[in-house]
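The first residue in the sequence is number 1, and the count goes up from there.
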Amino acid sequence: MVKAIRVHELGGPEVLKWEDVEIGEPNDREIRVKNQAIGLNFIDVYFRKGVYEASTMPFTPGMEAVGVVTAVGPGITGRKVGDVVAYAGTPMGSYSEEQILPADKVVPVPPSIDPVVGASIMLKGMTAHFLVRRCFKVEPGHIVLVHAAAGGVGSLLCQWANALGATVIGTVSTNDKAAQAKEDGCHHVIINKEEDFVARVNEITSGNGVHVVYDSVGKDTFQGSLECLRGRGFMVSFGQSSGAPDPVPLSSLAAKSLFLTRPSLMQYTTTRDELLEAAGEVFANVASAVLRVRVNHKYPLSQAAQAHADLETRKTSGAVVLIPDSIFGSTS
């Protein structure tokens with residue numbers, strides 16, 4: 001038996017329960033991994049609330065972790081006991097001391113990458129990768145708007161877009177987060193509580209608008225984001241921390257011939273080659289200091305409910321990582 005967080009009913013952070021679970025042994029082409037660090041992401045909140053539907057109930061949340069291989073199933077090549085591996089995405093279930101994973105879903109973690117850093121960068125880093133490199137390819141001269149610029153993904157988007165030669169505009173909720181966004185490469189920072197971001201973007205761009213908006217906030221920013229775009233601009237809606245946006249009639253995109261997409265990381269890492277390419281580029285950019293990972297918050301895995309509460313009330317910035325209780329003291 002191992003300890004894990006389980007969800008038996010949908011709701012607030014209080015539904016995250018610390019329980020004993022039996023995970024068994026790996027089957028064909030599976031591995032068993034003892035987690036060293038687990039990434040917390042807003043998608044975990046969506047599943048806990050029922051915004052996204054889990055395939056089973058009860059379920060163990062979590063879609064990102066780094067750990068050590070402790071057993072391999074039949075038919076495995078290229079993986080052995082003792083390997084340090086990471087995964088992000090499916091299958092869900094990383095809020096656990098140990099888990100069973102398909103071998104083709106994990107990637108090797110370079111020795112230069114600390115497990116805590118790896119667990120904070122896999123899902124967010126590969127998300128940032130497909131957003132700036134594939135969904136809309138950011139190039140020198142582009143002007144980009146990043147909402148929640150001090151968040152886990154937002155921080156990486158600002159750094160990466162800056163490194164690619166773009167002018168970066170970021171929105172944040174506090175002065176402290178504004179300072180972090182500037183450190184992360186934002187040329188212009190807008191504090192939403194003090195300024196109208198649409199008016200400010202219009203001023204910054206001399207009325208021309210931005211080439212792309214990366215919006216993980218949703219309801220509170222969606223309509224304004226569309227207004228910030230220039231002709232043939234790209235609206236990339238990849239989250240909804242404030243709730244689902246109101247429906248948009250297609251005709252509303254016509255005036256400026258706008259592009260609108262609601263992408264998912266899983267659709268950009270559908271093949272093994274895509275997964276390895278994305279993870280490799282993320283790790284390489286961390287190693288070369290193009291990306292600076294901010295692990296600003298660590299919690300024992302048993303306190304996942306508190307971590308969720310802090311994330312939802314915007315008390316966190318940068319990455320949030322859960323550490324199995326048995327090793328929490330050694331990583332703090």
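- In the hydrophobic clustering of this structure, Val172 does not group with Leu157; members are Ile, Leu, Val, Met, Phe, Trp, Tyr whose side-chain heavy atoms approach within less than 4.5 Å, directly or through other members.
- Put simply, Trp18 and Leu322 are part of the same group of oily side chains (I, L, V, M, F, W, Y) that touch within less than 4.5 Å, one to the next.
- With contacts defined as side-chain heavy-atom distances shorter than 4.5 Å, the pair Val321/Leu40 does not qualify.
- Under the ring-ring contact (aromatic ring centres under 6.0 Å, His included) criterion, Phe136 pairs with His142, Phe234, not counting sequence neighbours.
- The environment of Arg314 atom CZ is sparse: at most 12 non-hydrogen atoms of other residues, nucleotides or ligands sit within 6.0 angstrom.
- Across all their heavy atoms, Val117 and Val293 have their closest contact at CG1-CG2, 3.8 Å.
- At least one donor-acceptor pair closer than 3.5 Å links the side chain of Ser242 to the backbone N or O of Asp220.
- Leu101 is not connected to Met92 by any chain of hydrophobic side-chain contacts under 4.5 Å among Ile, Leu, Val, Met, Phe, Trp and Tyr, and they are in different clusters.
- Arg32 places no side-chain N or O within 3.5 Å of a backbone atom of Glu98 that could act as its donor or acceptor partner.
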query = Between Val2 and Asp20, does a side chain to side chain contact (heavy atoms under 4.5 Å, CB included) hold up when you go through it step by step?
reply = CA-CA 6 Å; Val2 300; Asp20 290 318; over 6 Å; no
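- Remark: the backbone N or O of Gly152 is not paired with any side-chain donor or acceptor of Ser155 at under 3.5 angstrom.
- Although no hydrogens or angles enter the test, the distance criterion places a donor-acceptor pair under 3.5 Å between the side chain of Ser288 and the main chain of Ala284.
- A 6.0 Å sphere centred on NZ of Lys34 holds no more than 12 heavy atoms belonging to other residues, nucleotides or ligands.
- Residues Tyr87 and Val107 are not in side-chain contact: their nearest non-hydrogen atoms beyond the backbone lie 4.5 Å or more apart.
- Residues Glu195 and Arg200 are paired through a salt bridge, judged by an N-O separation under 4.0 Å between the basic side chain and the carboxylate.
- Around atom NZ of Lys182, no more than 12 heavy atoms belonging to other residues, nucleotides or ligands sit under 6.0 Å away.
- Arg79 has its side chain out of reach of Glu30: every pair of non-hydrogen atoms, C-beta onward, lies at least 4.5 Å apart.
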Stepwise salt bridge (charged side-chain N to carboxylate O under 4.0 Å, His left out) check, Arg133 with Glu277 = CA-CA 12 Å; Arg133 302 300 289 154; Glu277 179 184 352; over 6 Å; no
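- For Asp83 (side chain) and Val85 (main-chain N/O), no donor-acceptor pair under 3.5 Å exists by modelled atom type.
- Val282 has its side chain out of reach of Met122: every pair of non-hydrogen atoms, C-beta onward, lies at least 4.5 Å apart.
- More than 12 heavy-atom neighbours from other residues, nucleotides or ligands sit within 6.0 angstrom of CD on Glu14.
- Side chain of Thr271 to main chain of Glu274: a donor-acceptor pair is present (N/O by atom type, distance under 3.5 Å, no hydrogens or angles).
- A 4.5 Å side-chain heavy-atom check between Arg134 and His129 finds at least one atom pair inside the cut-off.
- Placement of Leu226 and Leu145 within a single hydrophobic cluster is found when ILVMFWY residues are connected by side-chain heavy-atom separations under 4.5 Å, directly or transitively.
- Side-chain polar atoms of Asn35 and Tyr95 form no donor-acceptor pair below 3.5 angstrom.
- In this pair, Tyr268 and Phe130 present their aromatic rings parallel. The plane angle is below 30°, not in the 30 to 60° band.
- Between the side chain of Asp114 and the main chain of Val116, a donor-acceptor pair closer than 3.5 Å is present.
- Counting only distance, with no hydrogens or angles, the side chain of Ser94 and the backbone of Met63 share a donor-acceptor pair below 3.5 Å.
- Counting heavy atoms of neighbouring residues, nucleotides and ligands inside a 6.0 Å radius, atom CZ of Arg230 exceeds 12 of them.
- The side-chain heavy atoms of Glu64 and Ile38, taken from C-beta on, include no pair separated by under 4.5 Å.
- With contacts defined as side-chain heavy-atom distances shorter than 4.5 Å, the pair Phe328/Lys298 qualifies.
- Checked by atom type and distance alone, the side chain of Ser257 never pairs as donor or acceptor with a backbone atom of Arg232 at under 3.5 Å.
- Under a hydrophobic-cluster definition in which Ile, Leu, Val, Met, Phe, Trp and Tyr are linked whenever side-chain heavy atoms come within less than 4.5 Å, directly or via other members, Val189 and Val212 are assigned to different clusters.
- The closest donor-acceptor contact from the side chain of Asn296 to the backbone of Thr316 lies at 3.5 Å or more, if one exists at all.
- With a 4.5 Å cut-off on side-chain heavy atoms, Pro61 and Leu16 count as touching.
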request  = Go through Phe283 and Ile121 one step at a time and tell me if the side chain to side chain contact (heavy atoms under 4.5 Å, CB included) criterion holds.
outcome  = CA-CA 8 Å; Phe283 287 146; Ile121 196 70; 3.9 Å; yes
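- Between Glu139 and His211, the side chains place no donor N or O within less than 3.5 Å of an acceptor N or O (distance only, hydrogens not considered).
- Checking Asp325 against Ser302 by side-chain atom types alone, a donor-acceptor pair falls below 3.5 Å.
- Between Arg29 and Asp104 no salt bridge is recorded (no basic side-chain N to carboxylate O distance below 4.0 Å).
- Atom CG of Leu131 sits about 9.5 Å away from atom OG of Ser216, to the nearest 0.5 Å.
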query = So Thr261 and Phe238, side chain to side chain contact (heavy atoms under 4.5 Å, CB included) or not? Walk me through it.
reply = CA-CA 8 Å; Thr261 183; Phe238 69 100; over 6 Å; no
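- Here the straight-line distance linking atom NE2 of His147 with atom CG of Asp215 works out to 4.5 Å at 0.5 Å rounding.
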request  = Decide side chain to side chain contact (heavy atoms under 4.5 Å, CB included) for Val66 and Val84; before the verdict, give the C-alpha distance in whole Å, the side-chain angles of both, and the deciding distance to 0.1 Å.
outcome  = CA-CA 7 Å; Val66 170; Val84 179; 3.8 Å; yes
